[in-house]
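The chains referred to below are lettered A, B, ... by the order of the sequence lines, with proteins before strands, and numbering in each begins at 1.
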Amino acid sequence: MSSLPRSFYETDDVVSIARSLIGKVLMHEHSDGITSGMIIETEAYSGTNDKACHACNGRRTARTEVMYGEPGHSYIYLCYGIHHLFNVVTNRAGRADAVLIRALWPLKGMDIMQIRRGTRNLTGLCDGPGKLTQALAITTNLNGLSLTGGALRIEDQGFQTDQNAILQTPRIGIDYAEEDAALPWRFLISKPERSVSHPHRLLPDH
DNA sequence: ACACAGATACTCT
DNA sequence: GAGTATCTGTGTC
């Protein structure tokens, strides 16, 4: 299986990259075992001009530093003191774009995911940005690592994605971002619709 | 099927 | 000190 190359992440259209990441596979080889899942929900954060982005107005701190760094690297931060949220840095160094991975369709190591998540259910393992990092044992100590090879990586495993099955909506949980809160920069695959992040599914239930 | 509150610790003012 | 790109359990319908 081939990891996505650096060039995949290096362009300046983070919204297109967020769309293109749907159907790709996030994989973590850990001493516990291998866990992986197909990416089914993403959000684009567009650097210094985006009021929802941590790098808004050129904000540059210890936390946001990796967003200004190399494309194809991880940006992982702690949210609400509990949840580790996983992003991929995009665009060339000096820009601060990133794509948040919000949900996965579990592929490998679901038994390990169940243990890490503390559930006996086979559903709901990776249907939220904080849940998928717990299921894949992704924490802030993996911040700033390259995703183009190594234990944590994103692969193209050849899953075909019907472009008509990709829905586009506003982003979640960023009400503070004023007019940018309405930008339709969230992408989700409509097929496993029960597996996208939960309270904001925005899809009819049928 | 909602709605709500509480947990939690780090980041930046 | 305030705010946070969230999740869970409990309550109610």
- Message: Taking any heavy-atom pair under 4.0 Å as a contact, classify A/Leu100: base, sugar-phosphate, or nothing.
- Response: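 A/Leu100: base contact, heavy atoms under 4.0 Å.
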Expressed in angstrom and rounded to an integer, what is the separation of [X] atom [atom1] from [N] atom [atom2]?
{"X": "A/Asn141", "N": "B/dC10", "atom1": "CG", "atom2": "C1'", "value": "15 Å"}
{"X": "A/Met113", "N": "C/dC7", "atom1": "CE", "atom2": "C1'", "value": "18 Å"}
{"X": "A/Asn143", "N": "B/dT11", "atom1": "CG", "atom2": "P", "value": "10 Å"}
{"X": "A/Glu41", "N": "C/dA5", "atom1": "CD", "atom2": "P", "value": "16 Å"}
{"X": "A/Ile172", "N": "C/dC7", "atom1": "CD1", "atom2": "P", "value": "11 Å"}
{"X": "A/Phe187", "N": "C/dA5", "atom1": "CZ", "atom2": "C1'", "value": "16 Å"}
{"X": "A/Tyr75", "N": "B/dC10", "atom1": "OH", "atom2": "C1'", "value": "11 Å"}
{"X": "A/Asp180", "N": "C/dA5", "atom1": "CG", "atom2": "P", "value": "14 Å"}

Might you point out which heavy atoms bring [X] and [Y] nearest each other, and give the distance in Å?
{"X": "A/Ala98", "Y": "A/Met67", "result": "CB-SD, 3.8 Å"}
{"X": "A/Tyr9", "Y": "A/Ile17", "result": "O-CD1, 3.8 Å"}
{"X": "A/Lys131", "Y": "A/Gly124", "result": "CE-O, 3.2 Å"}

- Query: Does A/Arg102 make a side-chain N or O approach to OP1 or OP2 of C/dT6 shorter than 4.0 Å?
  - Reply: yes
- Kindly say if A/Tyr176 contacts the phosphate of C/dA5, meaning a side-chain N or O under 4.0 Å from OP1 or OP2.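 Looking at the OP1 and OP2 atoms of C/dA5, one of them is under 4.0 Å from a side-chain N or O of A/Tyr176.
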Does [X] use its side chain to pair, donor to acceptor, with the backbone of [Y] at less than 3.5 Å?
{"X": "A/His73", "Y": "A/Gly144", "value": "yes"}
{"X": "A/His30", "Y": "A/Asp32", "value": "yes"}
{"X": "A/Glu70", "Y": "A/Ala93", "value": "no"}
{"X": "A/Arg117", "Y": "A/Leu125", "value": "yes"}
{"X": "A/Tyr68", "Y": "A/Gly58", "value": "yes"}
{"X": "A/Glu179", "Y": "A/Ala177", "value": "no"}
{"X": "A/Asn143", "Y": "A/Ile76", "value": "yes"}

- Query: What residues in residues 51-60 of chain A put a non-hydrogen atom under 4.0 Å from any atom of DNA chain C?
  - Reply: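 Under 4.0 Å from DNA chain C: A/Ala52, A/His54.
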- Note on the structure: Sorted by number, residues from residues 63-72 of chain A placing a heavy atom under 4.0 Å from DNA chain C are none
- side chain to side chain donor-acceptor pair (under 3.5 Å) pairs, two or more places apart, involving residues 148-159 of chain A: A/Glu29-A/Arg153, A/Ser146-A/Thr148, A/Arg153-A/Glu155, A/Glu155-A/Gln157
Can you give me the N/O atom pairs linking the protein to nucleotides 6-9 of chain B at distances under 3.5 Å, or say none if there are none?
| residue | atom | partner | partner atom | Å |
| --- | --- | --- | --- | --- |
| B/dT8 | O2 | A/Tyr80 | O | 2.3 |
| B/dA9 | O4' | A/Gly81 | O | 3.2 |
| B/dA9 | N3 | A/Gly81 | N | 3.4 |

Can you give me every donor-acceptor pair (side chain of residues 82-92 of chain A, partner residue at least two apart or in another chain, under 3.5 Å) with its distance?
| residue | atom | partner | partner atom | Å |
| --- | --- | --- | --- | --- |
| A/His84 | ND1 | A/Thr140 | N | 3.2 |
| A/Asn87 | ND2 | A/Tyr75 | O | 3.0 |
| A/Asn91 | ND2 | A/Asp97 | OD2 | 3.1 |

- Message: Checking A/Leu100 against A/Thr42 for the side chain to side chain contact (heavy atoms under 4.5 Å, CB included) test, could you report, in this order, the C-alpha distance in whole Å, the side-chain angles of both residues, the deciding distance, and whether it holds?
- Response: CA-CA 6 Å; A/Leu100 172 68; A/Thr42 62; over 6 Å; no
- Message: So that I can compare with my own list, what are the stems of DNA chain B, taken as at least three consecutive Watson-Crick or G-U pairs with distances under 3.5 Å?
- Response: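 Runs of three or more consecutive pairs: B:1-7 with C:6-12, B:9-12 with C:1-4.
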- Task: Answer yes or no: is there an ion pair linking A/Arg171 with A/Glu43, defined by an N-O contact shorter than 4.0 Å?
- Result: no
